[in-house]
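Below, chains carry the letters A, B, ... as their sequence lines are ordered, and counting in each starts from 1.
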Number of protein chains: 2
Amino acid sequence: MTEDIPQAPIPAREQADRFLRAREVQSVALLEDYVEMIGDLIAEMGEARVADIAERMGVAQPTATKAVARLKREGLAISRPYRGVFLTDAGGTLAEKVRARHRTVVALLMAVGVPEETAELDAEGIEHHVSDQTLQAFESFLAGR
Amino acid sequence: MTEDIPQAPIPAREQADRFLRAREVQSVALLEDYVEMIGDLIAEMGEARVADIAERMGVAQPTATKAVARLKREGLAISRPYRGVFLTDAGGTLAEKVRARHRTVVALLMAVGVPEETAELDAEGIEHHVSDQTLQAFESFLAGR
DNA sequence: GTCAAGATATAGCTTAGGCTATAATTCGTG
DNA sequence: CACGAATTATAGCCTAAGCTATATCTTGAC
Ligand SMILES: [Mn+2]
Ligand SMILES: [Mn+2]
Ligand SMILES: [Mn+2]
Ligand SMILES: [Mn+2]
């Protein structure tokens with residue numbers, strides 16, 4: 001049983017800031033997943049084709065096309081019509097950061113007893129909300145075990 | 001330095017399933033936050049008024065009204081025009097579950113070295129992606145320290 | 001009891017992210 | 001080297017979630 005400790009109520013403004021932050025994070029989460037995954041495809045196959053992007057994301061092909069358009073708008077990817085998609089320097093850097101964070105989150109989850117498959121499943125959503133500060137705490141914890 | 005261990009590439013289908021799961025979770029995350037927060041308001045003030053809901057969520061009042069409409073559609077809340085908002089049994093049960101999970105996530109983060117404020121900030125997004133299985137692992141870890 | 005202020009609802013707009021159906025392009029095979 | 005299959009782009013639709021502006025309802029002060 002969890003003890004019934006009444007929490008000191010949070011100021012409305014502060015709580016609102018937390019929710020705002022969570023909403024901001026969520027708006028870049030999809031971009032992060034696309035960028036990381038496109039990086040994987042390029043590493044594995046030399047290029048990322050729209051059809052493969054769609055398959056790996058579990059979306060329809062036009063949805064992937066639209067996402068790529070957004071990545072291009074944000075300066076994370078480049079592509080020409082009917083050709084493969086590639087990452088810009090910014091995109092590649094982001095992909096690497098996201099990939100590393102993903103691995104750390106999975107490792108942390110497993111370190112506290114979460115089975116690997118579940119860790120992978122939950123990490124796919126959790127990772128985007130892990131701040132730099134929390135990521136550092138995770139790394140310290142993993143190093144100091 | 002993180003070691004450069006090449007991961008075994010995940011089957012596209014399995015990875016797609018993870019992304020699908022993350023997107024599903026994301027679609028209920030906002031509902032969870034609204035329900036938990038409305039529960040707080042009712043506990044503190046006896047009722048949840050639309051203006052207070054909007055303030056705490058950091059959204060405009062019509063956005064809160066629309067969210068309440070969705071909660072009603074989903075059977076989590078009831079209200080009559082120009083009156084306060086209340087939770088159904090289902091809504092109250094969900095609020096309690098979400099509140100408990102939130103506390104556990106914050107506790108776990110702090111247990112691995114995340115400062116309280118950062119833990120609260122990150123938990124607001126992380127919590128929604130924590131599966132029952134992961135939640136249990138968190139509880140065991142916290143109990144067995 | 002009236003009515004002005006405050007709270008809530010409604011109208012109408014935007015963007016992101018899905019979808020299906022179909023048009024346009026590329027490319028391998030014969 | 002042509003053409004059919006595969007791939008990609010486009011058109012057009014939907015829902016969720018945000019916003020501002022404005023209409024409508026409630027309520028407390030006089
Ligand atoms: Mn992810
Ligand atoms: Mn990931
Ligand atoms: Mn939350
Ligand atoms: Mn929460």
Name the one of B:Asp33, B:Leu30, B:Leu31, B:Val105 that satisfies side-chain contact (heavy atoms from CB on, under 4.5 Å) with B:His128? B:Asp33

Donor/acceptor link under 3.5 angstrom from B:Gln61 side chain onto base of C:dA7: no

Taking for B:Arg73 and for B:Gly58 the nucleotide of DNA chain D with the nearest heavy atom, the one nearer the 5' end belongs to B:Arg73

Please state whether the phosphate of C:dA16, meaning OP1 or OP2, lies under 4.0 angstrom from any side-chain nitrogen or oxygen of B:Arg23. no

Distance check needed: C:dA16 C1' versus A:Tyr34 OH, whole Å only. 11 Å

Expressed in angstrom and rounded to an integer, what is the separation of A:Leu41 atom CG from D:dT7 atom C1'? 15 Å

A:Ile53 CD1 to D:dT7 P: how many Å, rounded? 14 Å

Please give, in whole Å, the distance from C:dT15 P to A:Glu74 CD? 14 Å

By the 4.0 Å heavy-atom rule, please label A:Ala60 as base, sugar-phosphate, or nothing. base

Euclidean distance, atom NZ of residue B:Lys72 to atom P of C:dT8 [Å, nearest integer]: 13 Å

Contacts of A:Val59 and B:Pro62 projected onto DNA chain C by closest heavy atom; the upstream (5') one is B:Pro62

Between C1' on D:dA16 and CD on B:Gln26, what's the gap in Å once rounded to a whole number? 9 Å

Test for a donor-acceptor pair under 3.5 Å between the base of C:dA24 and the side chain of A:Tyr82, counting only N and O atoms. yes

Can you identify which nucleotide, out of C:dT8, D:dA21, D:dA17, has its nearest atom closest to the B:Leu30 side chain? D:dA17

Apply the side-chain contact (heavy atoms from CB on, under 4.5 Å) test between B:Asp122 and each candidate in A:Arg18, A:Arg21, A:Gln133; give the one that qualifies. A:Arg21

Can you get from A:Val112 to A:Met110 by hopping between Ile, Leu, Val, Met, Phe, Trp and Tyr side chains that sit under 4.5 Å apart? no

Which of D:dA17, D:dT7, D:dT24 is nearest the side chain of B:Arg70? It is D:dA17

Side-chain N or O of A:Thr63 less than 4.0 angstrom from OP1 or OP2 on C:dC19? yes

Within less than 4.0 Å of OP1 or OP2 of D:dT7, is there a side-chain N or O belonging to A:Arg49? no

Out of D:dA21, D:dT8, C:dC19, minimum distance to the side chain of A:Ala51 belongs to D:dT8

Whether A:Glu32 and A:Arg101 form a salt bridge (side-chain N of Lys/Arg under 4.0 Å from carboxylate O of Asp/Glu) is what I want to check. yes

Please report, rounded to the nearest Å, how far the C1' atom of D:dA6 is from the CZ atom of A:Arg83. 14 Å

A:Lys66, nearest nucleotide to its side chain (from D:dA9, D:dG18, D:dC13): D:dC13

Do other residues, nucleotides or ligands put more than 12 heavy atoms under 6.0 Å from A:Glu44 CD? yes

Round to the nearest Å and state the distance from A:Glu24 atom CD to C:dT15 atom P. 18 Å

